[in-house]
Amino acid sequence: QFPAMTHVGRSNALIRLGRIADADEILAEATDFADKYDAKGYQAQLLAQRAAIALQQKDPARALSLLDDAAARARAAGGNRLVIEIELERAKVLRQEQQVAAAERVLADATAIARDMEERLLLPRVLAEGADLRVSQARYAEASTLLEEAVELLEGLLTTTSSPWTQSRVISGMDDVLAARIRLEATRPVDVARAFAIVEQARARSLYELLVNRPLSTERAPQEVRDLEREIATLQRRLLQTRRRQQRQALLTEIFAAEEQLAPSAATMFDRTRRQGTKTSVTLADVQRVLTSDEVLVQYALADPTSFAL
């Protein structure tokens, strides 16, 4: 199997060292290798990474060419999630290049794919990017509608996540959407109460999760989970000590089977750390009532490239 992510990781390390040309050379060689085996999904990943390098080199035309090629190969591989991620990057570059109509077409395509797949983690990100595009055109009502849908999708997901990994991905998506909502409020005619509610939602979400959810480490695992975890650890140690490929494949099959058995119990244990509580939003009027005449409350929303104060 071709280790695409290994080459991506090496290139990222070189980029951090400022060796941009070396990073691109590694990816070009890896792309040639992937071409040899017609590994279209890997080709798409590598081309998308090369596009990111082209952007760092201030070459958006080359970045768009690479992203076009990457999207075509991802489609040919049937990798719809990868297509959506590449289309998101294409739309951002097209917007930077003032190709707004093209960016809107790309986002419409990505939205359609995400809806057809019922891809609940990527769809809110696509909607947020579409909202940002509409904000740049002063189409505030459309932007607000898209962001409301994105927030509701993520809120619905966050209440039913069955693992810390999934929860972290949902919260990451929530950050993008809330940042887009703040940018919308900073751009359209000011409604202080509405802007406060959005900033409060962003601030309160992380505090609420910390206050009402117990750390997973405080939850004692049932005997079934402990037994399966020990079995997986034993198999993993054997895997490290095995030199024959056939034996490694057999051990990997056993590990996969044990993880399949573990998943339902682990998800149930994670759910027990999530307490149900009543969520009451603080309104601007609530805050104003408790402020005295010599007090003022300033809230900051830090974002890139522009931050805001309320």
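Small disclaimer: the values here were computed from a predicted structure and weren't measured. Any value given below was found using the heavy atoms of this structure, including those in side chains, with hydrogens, waters and symmetry copies removed. Throughout, residue positions are numbered sequentially from 1 according to the sequence presented.
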Are any non-hydrogen side-chain atoms of Glu87 and Leu107 less than 4.5 angstrom apart?
no
Taking the side chain as everything from C-beta on, heavy atoms only, tell me whether Val100 gets closer than 4.5 Å to Gln137.
yes
Does the distance from a Lys or Arg side-chain N to an Asp or Glu carboxylate O, for Asp59 and Arg62, drop under 4.0 Å?
no
Show the nearest heavy-atom pair for residues [X] and [Y], with the distance to one decimal.
X: Ala77; Y: Gly41; result: CB-N, 3.6 Å
X: Ala48; Y: Leu67; result: CA-CD2, 4.3 Å
X: Ile15; Y: Gln56; result: CG2-OE1, 3.2 Å
X: Ala110; Y: Ile84; result: O-CG1, 4.1 Å
X: Ala34; Y: Gln43; result: O-NE2, 3.3 Å
X: Leu47; Y: Ala70; result: CB-CB, 3.8 Å

Taking [Y]'s backbone N and O only, do any of them form a donor-acceptor pair with [X]'s side chain (distance below 3.5 Å, no angle check)?
X: Ser144; Y: Tyr140; answer: no
X: Thr145; Y: Ala141; answer: yes
X: Gln99; Y: Ala102; answer: no

So how far is it from [X] [atom1] to [Y] [atom2], rounded to the nearest 0.5 Å?
X: Arg181; Y: Asp132; atom1: CZ; atom2: CG; value: 13.0 Å
X: Asp116; Y: Thr111; atom1: CG; atom2: OG1; value: 10.5 Å
X: Leu123; Y: Ile113; atom1: CG; atom2: CD1; value: 11.5 Å
X: Leu297; Y: Leu291; atom1: CG; atom2: CG; value: 6.0 Å
X: Asp22; Y: Leu14; atom1: CG; atom2: CG; value: 6.0 Å
X: Arg134; Y: Glu129; atom1: CZ; atom2: CD; value: 10.5 Å

Treating Ile, Leu, Val, Met, Phe, Trp and Tyr as nodes and any side-chain heavy-atom pair under 4.5 angstrom as an edge, say whether [X] and [Y] lie in one connected cluster.
X: Leu94; Y: Leu146; value: no
X: Leu27; Y: Ile20; value: yes
X: Leu82; Y: Leu122; value: no
X: Met117; Y: Val106; value: no
X: Val93; Y: Ile86; value: yes

Apply side-chain contact (heavy atoms from CB on, under 4.5 Å) to Leu127 and Leu147, showing your working.
CA-CA 7 Å; Leu127 294 173; Leu147 289 171; over 6 Å; no
Heavy-atom neighbours of Arg194 CZ exceed 12 at 6.0 Å
yes
In this structure, are over 12 heavy atoms from other groups packed under 6.0 Å from Glu118 atom CD?
no
Any side-chain donor near an acceptor of the partner, Asn12 and Gln49, under 3.5 Å:
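Distance-only check passes for Asn12 and Gln49.
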Qualifying residue, where the test is side chain to side chain donor-acceptor pair (under 3.5 Å) with Arg73 and the options are Asp38, Asp68, Asp35:
Asp35
Result for salt bridge (charged side-chain N to carboxylate O under 4.0 Å, His left out) between Asp109 and one of Arg115, Arg90, Arg75 points to Arg75
So, applying side-chain contact (heavy atoms from CB on, under 4.5 Å) with Phe196, which one of Asp286, Thr283, Leu310 is it?
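Considering Asp286, Thr283, Leu310, a side-chain contact (heavy atoms from CB on, under 4.5 Å) with Phe196 is found only for Leu310.
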